[in-house]
Amino acid sequence: MFVSNGKPSFPYDYFSKTVGQPLTNTQVYNDHLGALYHGGENLYPVDHDRAINSFLLKEDGTFNEELMKELTTIPDTNVGFLYYWGMCIPEWVEKKEPEIRKGRSLFLGFDIDNPTAKDLWGKIIRKTGELTKGKKVTELGYVFANEPHWYSEKDHWTYNYQEMHGISSYTLNNFRKWLKNTYNNDIKKLNANWETKFSSFDSVEIEIPIDTALRGKPIWYDWNRYHMQRTTDWFTFNQENLHSVNPEADTHIKLFPRTFYEDSRSHGMDFEALTELTTMIGHDAKALGGPSIRPHIKSDFVEKYAYKWDGMAILHDFLESVAPDKINVNSESHFLSSGQWRDLDTRTSYVRNVYWLATLMGMDANMGWFWARDPDGSPEDRLEGELNFFDPGLGGAYAGSVNMQPHVANEVTQVMYDLNSFSEEIIALRNQKRPLRLFYSETSAINTPDYMTQTGTIYNALFFEGLPLGFVTKNIIEKQDNSTWSTVLVHKTKYVTEKEFAALQTFLNNGGTVIIDSDESLSLNEYGKEHKQKLSASKGELIVLNTENIESLKKAALESVADQIPPVQIVADNSEKYKTIISRVVTQEDGSYLVNLLNVGRNTTKIKLQLDSGEAIAVTDLMTMNTMETSFELPSEGVLLLEVKKK
């Protein structure tokens with residue numbers, strides 16, 4: 001966690017502050033707007049906004065000292081983070097290496113397998129890492145990329161946004177080497193698996209973007225597994241270069257949330273591996289306060305909930321499960337507006353609820369999207385001019401943003417003040433064990449067309465039961481203390497590698513409980529071949545329900561962790577058949593209970609608090625220190641932090 005004066009602290013600010021303003025300008029950097037500095041994103045080849053970009057290195061191998069001053073002259077007064085912004089590449093590099101852009105993505109404008117790109121960025125990372133070592137502006141880390149993704153399947157929504165339209169010879173040759181190693185130099189084995197007739201590994205070809213009709217086949221799995229590995233290798237290269245000159249540097253990647261919670265896995269992003277790699281958790285989690293402004297996007301969440309909370313929630317629970325001891329930085333929080341959602345009269349209740357929920361779920365620092373006013377209040381000059389692909393967002397992002405809504409700016413400050421006032425209580429609530437874990441398999445995610453949809457369904461069903469949810473993977477079982485959870489639920493997870501299977505068996509051998517929906521789960525390996533063995537209970541408990549019914553799975557899972565459900569009962573009635581109250585309960589040292597309640601439903605909910613023991617209780621609203629009745633109403637998007645004591 002971040003600590004200020006010995007107390008947990010949740011720093012906050014706005015993203016993309018006005019260009020060129022010094023940190024000493026209190027009209028831009030202050031306690032209300034926030035006082036964090038970030039080396040902004042370089043949307044223009046000449047307007048670098050202090051981002052670390054490829055224009056720092058000249059063709060003769062020397063550095064552009066004028067551009068470098070933008071880094072070296074940052075005053076050492078504000079904490080912040082710096083960006084390695086890779087959207088553009090100098091013309092001299094393109095002339096030297098014709099393939100430099102082949103296989104580029106939206107926000108990384110070059111081929112990450114290209115030796116020239118690696119040489120260029122290795123030099124830049126080492127030089128800038130050395131020059132900025134120990135500076136306050138890097139205390140929130142170095143960000144290696146903005147929303148990286150390389151969707152490589154046909155007809156994906158990113159197809160018109162310069163995603164992977166083919167791969168370079170470097171990527172293809174590296175893939176061939178990976179296949180050669182994977183198949184132990186046995187081309188006959190590959191041909192049998194792929195149903196091909198390649199004469200050698202050097203002759204292997206693959207069409208990218210790949211046809212989704214191949215999903216579930218060995219060629220699909222091999223490409224997507226390799227695609228993730230090459231991306232992890234690129235960011236490992238970044239971090240190793242930085243740490244070679246600045247070993248204490250903190251690092252993260254602004255992970256693009258939908259690449260995790262949507263079904264496609266052709267993007268090359270292994271969220272677990274990348275979160276294990278970097279020293280901090282990084283992302284730009286978002287929420288929709290209302291229906292999407294894009295007509296082709298479903299907004300069916302409005303039938304149940306006041307806002308779309310689940311994408312942000314499942315991302316946090318997964319990342320916090322992978323790296324429970326790492327600081328969590330949302331370097332571009334899209335809670336207030338985004339490319340999918342705007343509201344000219346945004347509800348302050350929504351602002352309070354969503355910031356509270358995100359912080360409760362692990363967010364340690366955030367920079368809200370976005371602040372585009374100059375110190376005198378006028379819109380800054382980046383909002384002017386013609387919009388095009390390489391200038392994608394600032395002008396079009398202004399309308400309906402916080403820049404036009406003073407009541408929203410005020411509420412952001414108010415809720416962050418409140419969260420910081422009760423930071424110790426928030427940390428206590430978030431530090432609870434996660435006794436119930438959902439098993440996550442990247443193997444099934446790659447091979448199954450709706451794996452994340454199905455995972456989201458069971459996640460949502462369990463989310464409102466008063467227990468922090470978590471995930472386990474092979475790596476989490478092998479690397480973390482298994483006593484922090486007791487039950488693993490396996491749902492719609494057909495494909496697992498032998499190592500994933502073995503990890504679950506180890507958990508059972510050590511006395512854990514595994515609940516499986518049906519025999520179909522865990523039945524096939526990564527190539528669709530049946531596993532020869534079945535899980536056995538050993539010293540643990542193995543429950544195969546032979547049903548995929550969500551309510552049956554939920555009932556079995558909750559019964560398994562019944563002894564770990566808090567003794568404070570929250571009885572809620574929202575006049576609906578589904579739940580909308582998010583509750584967390586912690587027992588405090590004096591025997592009282594800390595209770596957090598958030599209503600993400602559309603309706604006011606009637607709530608009654610009581611103890612399992614039936615003993616009388618006294619309830620205090622910690623925000624006001626007023627006493628409350630044990631029965632009360634919580635409005636839509638209401639937030640309460642309570643103390644419950646036995647009388």
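We count residues from 1, following the sequence as given. Below, each value reflects all heavy atoms present in this structure, side chains not excepted, and no hydrogens, waters or symmetry copies.
Relative orientation of the Tyr151 and His267 rings is perpendicular, given thresholds of 30° and 60° on the angle between their planes. Using cut-offs of 30° and 60° for the angle between ring planes, the His316 and His283 rings count as perpendicular.
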If you apply the rule side chain to side chain donor-acceptor pair (under 3.5 Å), what do you find for His252 with Asn328, and how did you get there?
CA-CA 9 Å; His252 48 106; Asn328 183 323; over 6 Å; no
One pair to check against salt bridge (charged side-chain N to carboxylate O under 4.0 Å, His left out): Asp270 and Arg225. What are the steps and the verdict?
CA-CA 9 Å; Asp270 184 335; Arg225 188 70 268 182; 2.7 Å; yes
Where do Arg176 and Glu205 land on the salt bridge (charged side-chain N to carboxylate O under 4.0 Å, His left out) test, with the steps shown first?
CA-CA 9 Å; Arg176 290 165 171 167; Glu205 297 288 343; 2.9 Å; yes
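To the nearest 0.5 Å, atom NZ of residue Lys154 and atom CD1 of residue Ile208 are 9.5 Å apart. Summarising the geometry, atom CE belonging to Met269 is positioned 9.5 Å from atom NE2 belonging to His149; distances are rounded to the nearest 0.5 Å. Here Ile426 contributes atom CD1 and Asn431 contributes atom CG; the two are 11.5 Å apart, rounded to the nearest 0.5 Å. Taking OH of Tyr440 as the reference point, atom CZ of Phe271 lies at 9.0 Å (rounded to 0.5 Å).
Within a 6.0 Å sphere centred on NZ of Lys118, heavy atoms belonging to other residues, nucleotides or ligands number more than 12. For Lys177, the NZ atom is loosely surrounded, since the number of other residues' heavy atoms within 6.0 Å does not exceed 12.
Using a 4.5 Å heavy-atom threshold, the side chains of Met280 and Asp364 count as separate. No side-chain heavy atom of Leu106 sits under 4.5 Å from any side-chain heavy atom of Thr158. By the 4.5 Å heavy-atom criterion applied to side chains, Tyr142 and Asn246 are counted as neighbours.
Residues forming a side chain to side chain contact (heavy atoms under 4.5 Å, CB included) with Tyr261 (at least two apart in sequence, or on another chain): Pro257, Arg258, Ile314. Residues satisfying the ring-ring contact (aromatic ring centres under 6.0 Å, His included) test with Trp234, not counting sequence neighbours, are Phe110, Phe237.
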